[in-house]
Amino acid sequence: MRGQLRRLGLGHDQRRSVSTTDIDFYKWTQWIFLQLFNSWYDTDTDKARPISELENGFASGERKFLHEREWNSLNRSEKREIINSYRLAYLAEAPVNWCPALGTVLANEEVTAEGRSERGNHPVYRRPLKQWMMRITSYADRLLEDLEILDWSDAIKTMQINWIGKSEGAEIQFHIGESQIEVFTTRPDTLFGATYMVLAPEHPLLREIVADDWPADTPEHWKNGSRKPREAIKAYQESAAQKTDLDRQENKDKTGVFTGAYAEVPVNKKQIPVFVSDYVLMAYGTGAIMAVPGQDERDWEFAETFNLEILRTVQPPDTWEGDAFTGDGPAINSDFLNGLKVQEAKARMIEWLEDTRNGTRNTTYKLRDWLFSRQRYWGEPFPIVYDEDQLPIAIPEDLLPVELPDLMDWAPRSLDENSDPEPPLGRASEWVTVDLDLGDGIRQYRRELNTMPQWAGSCWYYLRYLDPSNNDEFISTEIEAYWMGGETGGVDLYVGGVEHAVLHLLYSRFWHKVLFDLGHVSTREPFHRLYNQGYIQAAAYQDPRGIYVDAVEVIEENGDFFHNGELVTRSFGKMGKSLRNSVTPDEMYDKFGADTLRLYEMFMGPLDQDRPWETQSVVGSQRLLQRVWRNLIDEETGDLIVSEEEPPSRLKRILHQTIQSVRDDMENLRFNTAIARITELNNEITKLDSHTPRDIAEVLVHLLSPLVPHIAEELWEKLGHKNSIVYSQFPTAEPSFLVDELVEIPIQINGKLKSRIVVANDCSSTELKEIALLDPKISSILSGNQIKKEIIIEGKLVNFVI
RNA sequence: GCGCCGGUGGCGGAAUUGGCAGACGCGCAGGGUUUAGGACCCUGUGUCCAUUAGGAUGUGUGGGUUCAAGUCCCACCCGGCGCACCA
């Protein structure tokens with residue numbers, strides 16, 4: 001890998017090379033973990049603060065302690081548990097993604113929509129486990145808002161927006177007998193239209209509310225075939241538990257069971273039936289909804305299946321032919337809301353709910369806290385030990401790093417769905433306990449056996465890269481300010497693939513904001529400008545059985561493709577072994593040289609798009625370099641053949657126009673068009689009868705140098721320079737040469753091009769018109785026709801309307 | 001279903017604020033140089049009609065705005081990616 005980078009002249013700075021697995025690096029990853037562990041999120045000031053400030057606040061009474069008992073009446077261990085529940089890095093028993101095939105739990109971001117692992121595509125199961133979490137949800141709003149200051153593509157921004165999934169609305173209390181159930185809705189304005197309620201099958205309050213017997217007149221199809229509600233609910237819960245996420249997605253037919261219970265709608269005291277259905281997810285909102293079929297398509301569908309009342313509370317337009325109406329319109333059937341538009345009605349209803357203590361304004365997010373521990377060997381050990389209270393204690397900074405123990409057998413075990421995760425570090429029997437003096441004498445502690453995910457190191461490596469050998473700090477304050485500061489703030493340009501949209505790029509932003517709050521970095525965001533490069537794809541070929549054949553052996557004939565005489569079909573995909581379509585940089589280097597390879601890769605299309613590799617086309621780039629070489633060097637002797645003459649003024653103009661566009665293109669990473677401009681310049685030089693003037697040659701080499709450094713350096717040296725071209729100033733365009741003395745102006749009749757005239761660049765519109773009318777083609781068309789209108793734009797065009 | 005991105009010659013792709021569609025390259029065709037070869041040089045190359053001159057037509061489809069639309073507006077089709085019963 002390093003060899004390939006070097007061979008291609010990619011100019012990586014070896015001195016700044018960092019590896020997240022080096023002890024010197026992960027020592028600081030552990031240090032950052034401690035910053036998170038030792039902080040809490042203060043919602044009053046909207047930033048992270050040291051946890052000691054919270055503790056002192058509780059102790060002094062300065063900060064209100066909103067729990068049942070007085071802070072000072074708690075014992076040490078109770079206090080610790082409370083404090084722990086505020087930390088940005090905390091342990092929690094929660095439903096997590098357990099991937100037995102990988103032997104580890106995974107973060108939500110690492111599980112695909114199909115409920116499989118991003119890595120390896122293995123099945124993932126939800127199950128409750130005690131794991132380390134990162135309180136990224138505290139930052140949801142800031143992660144959302146600060147997207148605005150970033151120069152990122154809309155694609156990535158929307159992916160993050162969707163992932164954070166902010167919805168504003170209200171939480172409303174419903175009474176079911178003695179019990180109370182909270183519902184989250186983004187449409188509190190439709191409360192009068194609530195005609196039934198639905199709980200998720202996993203909802204904990206089901207136990208309390210399910211009736212003993214079906215009420216009289218309960219329709220048969222509400223009963224799930226059971227004689228008693230409890231039986232019906234139990235059967236439904238079991239069948240729902242069997243369904244995978246995939247099943248739920250594929251089969252969107254509404255199913256459900258009546259609980260036998262009725263809830264009271266707070267605003268009109270109406271009694272509505274309570275159902276259980278798996279179209280309500282426990283993981284979102286409160287796991288319970290008020291169903292408003294009139295304004296919600298899913299509820300409409302369910303209402304139709306179970307013959308439930310449908311009441312419109314927003315007036316759809318007259319032309320409306322659909323079912324549920326989710327658009328805007330005046331409220332109807334809604335008492336004090338009648339006539340109000342959705343926005344006003346929402347606000348009014350929230351006011352009413354808060355006044356009457358039936359609910360509160362609330363916001364929910366799809367984003368969950370980040371599951372941070374893994375049961376793998378290759379990861380940073382947590383700088384955490386446990387004492388006899390089984391509560392986590394941070395290893396002091398001066399005892400870092402906590403090194404990974406040597407393990408002969410470090411592979412994760414492949415387990416099944418029902419087994420528990422087994423951290424490989426548990427096999428390091430010498431290591432699992434440790435004697436430490438943490439202030440009260442040497443005592444034995446039990447180590448944390450989980451490790452951090454691979455994202456931990458990549459969350460902050462861009463900072464360490466700036467100051468890679470600092471042994472005293474994770475980065476020096478001055479160096480951080482120098483590189484990360486400036487107008488924009490953050491990394492100036494970050495090029496990477498789109499696949500990290502809601503993984504690395506979200507996690508990094510989160511860590512960076514924590515470090516910012518604690519005063520360790522000076523910018524709100526880590527990456528100011530993000531550029532997602534496309535992938536180079538290559539043609540892959542499948543034989544009639546669908547098996548991929550070696551792409552290099554395929555021959556084309558009249559648009560069809562053959563492999564050993566057999567017809568094969570073509571598709572495009574990422575290069576790789578499975579598609580048997582790889583072309584390695586080394587092969588290309590050997591055949592064409594590093595400069596040609598670089599030039600071709602930059603020329604084949606816009607950087608942000610996927611582009612198909614075509615070995616056949618690489619010669620084009622090689623030819624350009626050969627032509628440039630021959631324009632400056634005698635092929636036979638190897639001598640420089642540039643002339644010291646002043647270049648002709650026409651060529652000088654072309655030269656400066658080229659400088660201008662190449663600068664602009666490079667600034668915007670449009671290397672393909674920059675190369676096209678350079679090619680045009682070189683083609684002009686080739687047409688010269690005399691040798692290339694030095695002024696032209698030097699600029700040409702300069703323009704090429706970032707793209708093809710090797711040949712550029714050699715030509716630069718042959719031009720007589722002692723120092724490397726990288727130390728010389730990139731050319732700047734002379735404004736006076738950017739305008740041509742003569743310009744060609746198109747002449748249109750009725751907007752269609754009929755002729756062209758060449759005029760001085762400062763030709764006035766009256767002159768333009770006169771010259772245009774003199775043009776033989778134009779005059780012959782115009783003769784006998786009345787000009788109705790004329791559009792004359794100086795320096796641009798002439799258009800006569802007849 | 002929702003969101004984002006895209007659709008231009010045989011191919012990869014160009015085209016500021018609406019202003020000459022197809023820059024540049026590959027491929028292809030014809031010619032030149034060479035003992036030969038092409039990773040060399042020159043010329044041509046959107047499509048259709050025409051011997052030429054020239055004409056018509058043309059940026060996924062259908063409408064619209066405009067003197068003028070690849071570009072703006074409306075409706076739709078196709079492809080890629082992401083999310084998906086998110087209340």
Side-chain angles (χ1 to χ4, degrees), chain A residues 112-114 153-163 165-167 169 183-187 190 198 200 245 248-249 251-254 277-281 283-292 295-299 301-302 364-366 498-499 501-502 532 556 559 572 591-592 596 599-600 603-606 608-627 630 635 664 670 672-680 682-683 686-687 744-756 777 788-793 795-802:
Chain A
T112 62
E114 285 78 37
S153 72
D154 284 343
I156 299 272
K157 283 190 182 181
T158 17
M159 279 162 84
Q160 292 212 347
I161 292 169
N162 290 341
W163 189 259
K166 180 176 183 172
S167 343
V183 149
F184 175 74
T185 178
T186 55
R187 293 295 303 276
T190 63
V198 187
D245 288 354
R248 277 197 178 192
Q249 273 169 45
N251 187 3
K252 288 190 178 171
D253 292 342
K254 298 285 179 287
S277 173
D278 63 2
Y279 86 92
V280 171
L281 310 175
Y284 187 79
T286 59
I289 62 156
M290 61 179 213
V292 188
Q295 276 82 230
D296 185 289
E297 282 159 19
R298 296 153 300 177
D299 296 344
E301 219 180 292
F302 189 89
T364 61
Y365 301 87
K366 207 189 95 175
V498 73
E499 70 275 11
V502 289
N532 298 115
E556 184 187 347
F572 284 87
K591 203 166 166 197
F592 300 101
T596 298
L599 195 62
Y600 173 66
F603 181 64
M604 55 202 288
D608 59 353
Q609 276 172 35
D610 291 348
R611 299 156 305 209
W613 178 270
E614 239 184 40
T615 303
Q616 164 194 271
S617 299
V618 180
V619 290
S621 298
Q622 192 171 42
R623 282 179 197 153
L624 171 63
L625 295 180
Q626 288 170 339
R627 287 171 192 161
R630 281 197 302 270
E635 269 196 297
D664 186 50
R670 292 189 302 247
N672 54 331
T673 48
I675 293 167
R677 296 290 88 78
I678 295 171
T679 308
E680 282 175 306
N682 191 57
N683 288 346
T686 310
K687 282 186 212 151
E744 198 182 51
I745 304 288
I747 306 172
Q748 301 176 339
I749 307 275
N750 290 345
K752 291 193 178 179
L753 178 74
K754 292 295 170 187
S755 184
R756 296 185 177 98
K777 268 185 233 156
K788 287 190 198 137
K789 188 167 180 180
E790 51 198 43
I791 292 98
I792 297 160
I793 301 162
K796 280 266 171 161
L797 99 167
V798 177
N799 185 13
F800 295 114
V801 184
I802 56 174

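Note on naming: letters A, B, ... go to the chains in the order of the sequence lines (proteins, then strands), and numbering restarts at 1 for each one. Source: prediction; values computed, not measured.
Distance check on atom P: B:rG38 versus B:rG31 gives 14 Å, rounded to whole Å. A distance of about 29 Å separates the C1' atoms of B:rA75 and B:rC85, rounded to the whole Å. Distance check on atom C1': B:rA14 versus B:rG25 gives 11 Å, rounded to whole Å. Comparing B:rU8 with B:rG79, their P atoms sit 14 Å apart, to the nearest whole Å. When the C1' atom is compared between B:rA29 and B:rC76, the two are found 41 Å apart, to the nearest whole Å. Nucleotides B:rG70 and B:rG18 are separated by 13 Å at their P atoms, to the nearest Å. The same atom, P, is picked in B:rG44 and in B:rG58; the two are 26 Å apart, to the nearest Å. For the P atoms, the distance from B:rU43 to B:rC48 is 25 Å, rounded to whole Å.
Judged by distance alone, with hydrogens and angles left aside, the side-chain atoms of A:Arg611 form a donor-acceptor pair with the main-chain N or O of A:Gly605 at under 3.5 Å. Here the side chain of A:Tyr600 pairs no donor or acceptor atom with the backbone of A:Thr615 at under 3.5 angstrom. Remark: the backbone N or O of A:Asp253 is not paired with any side-chain donor or acceptor of A:Glu301 at under 3.5 angstrom.
The distance between atom CG of A:Leu624 and atom P of B:rG12, rounded to the nearest whole Å, is 22 Å. To the nearest angstrom, P of B:rG25 lies 17 Å from CE of A:Met604. Taking atom CG on A:Asp664 and atom C1' on B:rA15, their separation rounds to 14 Å, with Å as the unit. What separates CD of A:Gln622 from P of B:rG27 is a distance of 12 Å, to the nearest Å. Between the CD1 atom of A:Ile678 and the P atom of B:rA23 there is a distance of 19 Å, rounded to whole Å. The separation between A:Ile675 atom CD1 and B:rG13 atom P is 14 Å, rounded to whole Å. For the pair A:Phe302 CZ and B:rA87 C1', the interatomic distance rounds to 14 Å; values are reported in whole Å. Following rounding to the nearest Å, A:Arg627 (CZ) and B:rG38 (C1') show an atom-to-atom distance of 13 Å.
The glycosidic torsion of B:rG27 lies more than 90° away from 0, placing the base in the anti range.
If you check every strand for non-hydrogen atoms under 4.0 Å, A:Glu744 touches a base. Across all strands shown, A:Gln748 has heavy atoms under 4.0 Å from base atoms, whether or not it also approaches the sugar-phosphate. The residue A:Asp299 sits apart from the nucleic acid: no heavy atom pair falls under 4.0 Å. Using a 4.0 Å heavy-atom cutoff across all strands shown, A:Arg677 reaches at least one base atom of the nucleic acid.
Between A:Asn672 and B:rA14 there is a side-chain polar atom (N or O) within less than 4.0 angstrom of OP1 or OP2. Residue A:Lys752 places no side-chain N or O under 4.0 Å from the OP1 or OP2 atom of B:rG55. Taking only side-chain nitrogens and oxygens, A:Ser617 never comes nearer than 4.0 Å to OP1 or OP2 of B:rG27. Between A:Asn683 and B:rG25 there is a side-chain N or O to OP1 or OP2 distance below 4.0 Å.
Summarising the geometry, atom CZ belonging to A:Arg677 is positioned 10.0 Å from atom CZ belonging to A:Arg670; distances are rounded to the nearest 0.5 Å. Note: A:Ile161 CD1 to A:Ile156 CD1 = 11.5 Å, rounded to the nearest 0.5 Å. Taken to the nearest 0.5 Å, the CG atom of A:Asn683 stands 8.0 Å off from the CG atom of A:Leu624.
Across B:rC24, B:rG27, B:rA15, the shortest atom-to-atom separation from the side chain of A:Gln616 is found for B:rG27. Listed nucleotides: B:rC41, B:rA56, B:rG25. Nearest to the side chain of A:Lys754: B:rA56. For A:Arg623, counting side-chain heavy atoms from C-beta on, the closest listed nucleotide (B:rC26, B:rG25, B:rA87) is B:rC26. With B:rG19, B:rC85, B:rC26 as the choices, the nucleotide that has an atom nearest any side-chain atom of A:Lys796 turns out to be B:rG19. Closest approach to the A:Asn799 side chain among B:rC26, B:rC67, B:rA87 is made by B:rC67 (side chain taken as heavy atoms from C-beta onward). Of the listed nucleotides (B:rA87, B:rG19, B:rG12), B:rG19 has the atom at the smallest distance from the side chain of A:Leu797. Proximity note for A:Pro606 (side chain, C-beta onward) versus B:rC24, B:rA14, B:rA87: the nearest is B:rA14. When each of B:rC4, B:rG27, B:rA87 is scored by its nearest atom to the side-chain atoms of A:Ala155, the top-ranked nucleotide is B:rC4. Among the nucleotides B:rC20, B:rG13, B:rA23, the one closest to the side chain of A:Pro612 is B:rG13. When each of B:rG27, B:rA84, B:rG82 is scored by its nearest atom to the side-chain atoms of A:Lys366, the top-ranked nucleotide is B:rA84.
In terms of polar N and O atoms assigned as donor or acceptor, the side chain of A:Lys788 never comes within less than 3.5 Å of the base of B:rC67 in a complementary pairing.
When both distances must be under 3.5 Å, the Watson-Crick or G-U wobble mate of B:rC40 is B:rG32. In this structure B:rG27 sits in a base pair with B:rU45, meeting the Watson-Crick or G-U test at under 3.5 Å. Summarising the base pairing, B:rC83 is matched to B:rG1 through a Watson-Crick or G-U wobble pair whose two defining distances lie under 3.5 Å.
Where A:Gln626 and A:Ala676 each meet RNA chain B at their nearest nucleotide, the meeting point lying more 5' is that of A:Ala676. Nearest-nucleotide mapping onto RNA chain B: of A:Phe184 and A:Pro746, the residue sitting toward the 5' end is A:Pro746.
Contact detail for A:Phe603 and A:Ala676: the closest heavy-atom pair is CE1-N, 4.3 Å.
At most 12 non-hydrogen atoms from other residues, nucleotides or ligands lie less than 6.0 angstrom from CD of A:Glu297.
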